[in-house]
**Student:** 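Could you have a look at this structure, given as structure tokens, before my questions?
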Amino acid sequence: MLQLNVIREQKDQVIERLKVKNFDAAAIIEQVYNLDADRRRTQNESDNLLAESNQLSRQVGDLMKAGKKAEADDLKNKSGALKESIAKLQQQLAAIEEEQQQLLVQVPNMPSEKVPAGRTPEDNEVVFSHGELPQLPDSAKPHWELAEQYGLIDFELGVKLTGAGFPVYKNKGARLQRALINFFLDRATAAGYIEIQPPVLVNKDSGFGTGQLPDKEGQMYHVTLDDLYLIPTAEVPVTNIYRDVILDTAQLPVKNCGYTPCFRREAGSYGKDVRGLNRLHQFDKVEIVQVAHPEKSYETLEEMREYVAGLLKELELPFRTLKLCGGDMSFASALTYDMEVYSGAQKRWLEVSSVSNFESFQSNRLKLRFREGKEKPQLAHTLNGSALALPRIVAALLENNQGENGIRIPKALVPYTGFEFIN
RNA sequence: GGUGAGGUGGGUGAGAGGCCGAAACCAACAGUUUGCUAAACUGUCAUACGGGUUAAACCGUAUCGAGGGUUCGAAUCCCUCCCUCACCGCCA
């Protein structure tokens, strides 16, 4: 959520910047701006009347104590008259605030100045690439065939148990999952991230805090009986740890990581793109989250990007880093890097990580602040990134490393899998 | 699921219609004292919004789990809801 004072002071710049996200904010921002003036005027009036009323009450108390009942009754009547106008003003105020909030939550975060303009994924900027694209023979198989051939993943069984998009991992497939999770967590904790094991069901407040609610209600599985949501990413619980928290500057940056299964309804996606592991309803992911000082958050973003790149190098996967254009960025992000690995048999790039700086967009919703000495608390910046999401990593590993002896496990992973080949 | 107790500032916890944004203690911070540390002493120590200011100071309002009600006036009385804890039941 954008900060009101930013809209108040830089209305036109806000509208201008949001155009980079292809969001026409003029009408809505203008409305928020006007409501803000209304709100302040109304609060001022209301506060003044309340002050008057409070003073009357104090006088009544004094008069009662002094035994001057008649005079007290007089003031009581006066106070009663005030009450009506106060109630009316407060109703107005509440209505204005409600309307303003309702508009404000619809406005996406402003993209950083570094964000390139653009509408589609084609407009994303490749800022880094690493590794040679694998040259596979024509007989190379896509990962879903390999998974079946080696008995690693049973998609059909998942359909039986749950439905499409809920694969069952078996044997070395299951072991590979566990190896990757441990590998990612070990690397993250070695890099200074504190390991968190959060709940995978969250309440509405948490969903709102990180921006999933109300905007993306349909993306999450909703357990209506208890009004809880299955998390689409560990970002939600791990960031919400700091909801309504005021940190001390010395505590920054906060670095947390966590492994969780992630659940996404992915309503409306079908077809070739979602074949095999490419897009699932349930998948595993290790997430890294940081809470940073506003002046340092872009340094932090680069650090996180480097960190994720390091993981991909260790896994010996060819990858590229994209700086997302305005049109392809998420609602809450100010700047996002996507990391894509090349999947040799499908011959396509697969997104395996998204590293974003949300600046104060989430913290404004979360009321996540920090205090510098005796200064007033100010909003911190939040960042997060996948490090990493498993399914597409598995897809690329299987496809790129297939050979006559089976599928080769990258060296860094062998201590975790306990085997060098899947055959 | 049943029964009971309870939700007050960073923590413990007092307050039971006006003198209460809230005692006291602990923690934290600043200072005095001190060879250093400790101790002792003094002071500071919630947040949001509005007004005000170059910025502060300062002023106003709201907030004692949430929402409603009674009253001139509510942390305090009443109602509803939520949550936590304890015991019982069930159970990984």
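First the proteins, then the strands, lettered A, B, ... as listed; each starts at 1. What's counted below: heavy atoms across the whole structure, side chains too, no hydrogens, waters or symmetry copies.
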**Student:** How many Å lie between CG on A:Asp62 and C1' on B:rC19, as a whole number?
**Tutor:** 9 Å
**Student:** Just N and O in the side chain of A:Arg58: are any of them under 4.0 Å from OP1 or OP2 of B:rC72?
**Tutor:** no
**Student:** What integer distance in Å separates A:Lys76:NZ from B:rG18:C1'?
**Tutor:** 12 Å
**Student:** When Watson-Crick pairs (N1 to N3 and N6-O4 or O6-N4) and G-U wobble pairs (N1-O2 and O6-N3) count only below 3.5 Å on both distances, what is the dot-bracket string of RNA chain B, with | for other-strand pairs?
**Tutor:** ((((((((.[[[..)..(.....]]].(((((.......))))).((((((......)))))).[[[[[..)....]]]]])))))))....
**Student:** Return the polar atom pairs (N/O with N/O) between nucleotides 44-48 of chain B and the protein under 3.5 Å, or none.
**Tutor:**
from   : atom 1 : to       : atom 2 : distance (Å)
B:rU47 : OP1    : A:Arg371 : NH1    : 2.3
B:rU47 : OP1    : A:Arg371 : NH2    : 2.9
B:rU47 : O3'    : A:Arg369 : NH1    : 2.9
B:rA48 : OP1    : A:Arg369 : NH1    : 3.0

**Student:** How would you list, by chain and number, every residue that makes a side chain to side chain contact (heavy atoms under 4.5 Å, CB included) with A:Asn203, sequence neighbours excluded?
**Tutor:** A:Asp205, A:Ser206, A:Leu228, A:Arg243
**Student:** Before giving the answer on side chain to side chain contact (heavy atoms under 4.5 Å, CB included), spell out for A:Val291 and A:Lys255 the whole-Å C-alpha distance, their side-chain angles and the decisive distance to 0.1 Å.
**Tutor:** CA-CA 7 Å; A:Val291 180; A:Lys255 298 175 78 172; over 6 Å; no
**Student:** With a cut-off of under 6.0 Å to the ring centre and 45° to the axis, is A:Arg175 in cation-pi contact with A:Phe419?
**Tutor:** no
**Student:** For B:rA57 versus B:rG50, give the span between their P atoms, rounded off to a whole number of Å.
**Tutor:** 16 Å
**Student:** Between A:Arg40 (CZ) and B:rG52 (P), how many Å, whole number?
**Tutor:** 9 Å
**Student:** What integer distance in Å separates A:Ile86:CD1 from B:rU71:C1'?
**Tutor:** 14 Å
**Student:** Atom CG of A:Asn48 and atom P of B:rG52: how far apart are they, to the nearest Å?
**Tutor:** 11 Å
**Student:** Please give the distance between the C1' atoms of B:rC58 and B:rU53 as a whole number of Å.
**Tutor:** 9 Å
**Student:** Roughly how many Å is it from CD1 in A:Ile96 to C1' in B:rC49, rounded to a whole number?
**Tutor:** 14 Å
**Student:** So, A:Tyr242 and A:Asn256: side-chain donor and acceptor under 3.5 Å apart, yes or no?
**Tutor:** yes
**Student:** Walk me through it: do A:Leu4 and A:Val32 pass the test side chain to side chain contact (heavy atoms under 4.5 Å, CB included)?
**Tutor:** CA-CA 8 Å; A:Leu4 257 185; A:Val32 168; 3.8 Å; yes
**Student:** Counting only side-chain nitrogens and oxygens, does A:Asn54 get under 4.0 Å of the OP1 or OP2 atom of B:rA62?
**Tutor:** yes
**Student:** Check whether any side-chain N or O of A:Arg39 sits under 4.0 Å from OP1 or OP2 of B:rC49, and answer yes or no.
**Tutor:** no
**Student:** Could you work out the separation of B:rC90 and B:rG2 based on their P atoms and round it to a whole Å?
**Tutor:** 16 Å
**Student:** Let me know the distance between CD of A:Gln251 and P of B:rA28, rounded to the nearest Å.
**Tutor:** 14 Å
**Student:** Could you please spell out the steps behind the side chain to side chain contact (heavy atoms under 4.5 Å, CB included) verdict for A:Arg371 and A:Thr249?
**Tutor:** CA-CA 6 Å; A:Arg371 192 199 308 273; A:Thr249 327; 5.6 Å; no
**Student:** Using only heavy-atom distances, determine whether the side chains of A:Gln219 and A:Gln212 contain a donor-acceptor pair under 3.5 Å.
**Tutor:** no
**Student:** Need one value for A:Ser57: base, sugar-phosphate or nothing, where a base atom within 4.0 Å counts as base even if backbone is also close, heavy atoms only.
**Tutor:** base
**Student:** Select base, sugar-phosphate, or nothing to describe what A:Leu75 touches, counting heavy atoms under 4.0 Å on all strands.
**Tutor:** nothing
**Student:** Look at A:Arg187 together with A:Glu314 and state whether they make a salt bridge at an N to O cut-off of under 4.0 Å.
**Tutor:** yes
**Student:** Does the side chain of A:Tyr150 come under 3.5 Å of the side chain of A:Glu145 through a donor N or O and an acceptor N or O?
**Tutor:** no
**Student:** Nearest whole Å is fine: how far is B:rC72 C1' from A:Met64 CE?
**Tutor:** 8 Å
**Student:** I want to confirm an ordering. Mapping A:Leu50 and A:Leu56 to their closest nucleotides on RNA chain B, which one lands closer to the 5' end?
**Tutor:** A:Leu50
**Student:** Expressed in whole Å, how much space separates the C1' atoms belonging to B:rG69 and B:rU84?
**Tutor:** 26 Å
**Student:** For a quick check under 3.5 Å, do A:Glu287 and A:Tyr259 share a side-chain donor-acceptor pair by atom type?
**Tutor:** no
**Student:** Would you measure the distance from the C1' atom in B:rG7 across to the matching atom in B:rG60 and give it in whole Å?
**Tutor:** 30 Å
**Student:** By nearest heavy atom, map A:Gly61 and A:Ala51 onto RNA chain B; which one lands nearer the 5' end?
**Tutor:** A:Gly61
**Student:** If you measure from the C1' atom in B:rA48 to the same atom in B:rA16, how many Å do you get, rounded?
**Tutor:** 29 Å
**Student:** Please give the distance between the C1' atoms of B:rG52 and B:rG67 as a whole number of Å.
**Tutor:** 34 Å
**Student:** Between A:Glu9 and A:Asn5, do the side chains contain a donor N or O and an acceptor N or O under 3.5 Å apart?
**Tutor:** no
**Student:** For B:rA22 versus B:rG9, give the span between their C1' atoms, rounded off to a whole number of Å.
**Tutor:** 9 Å
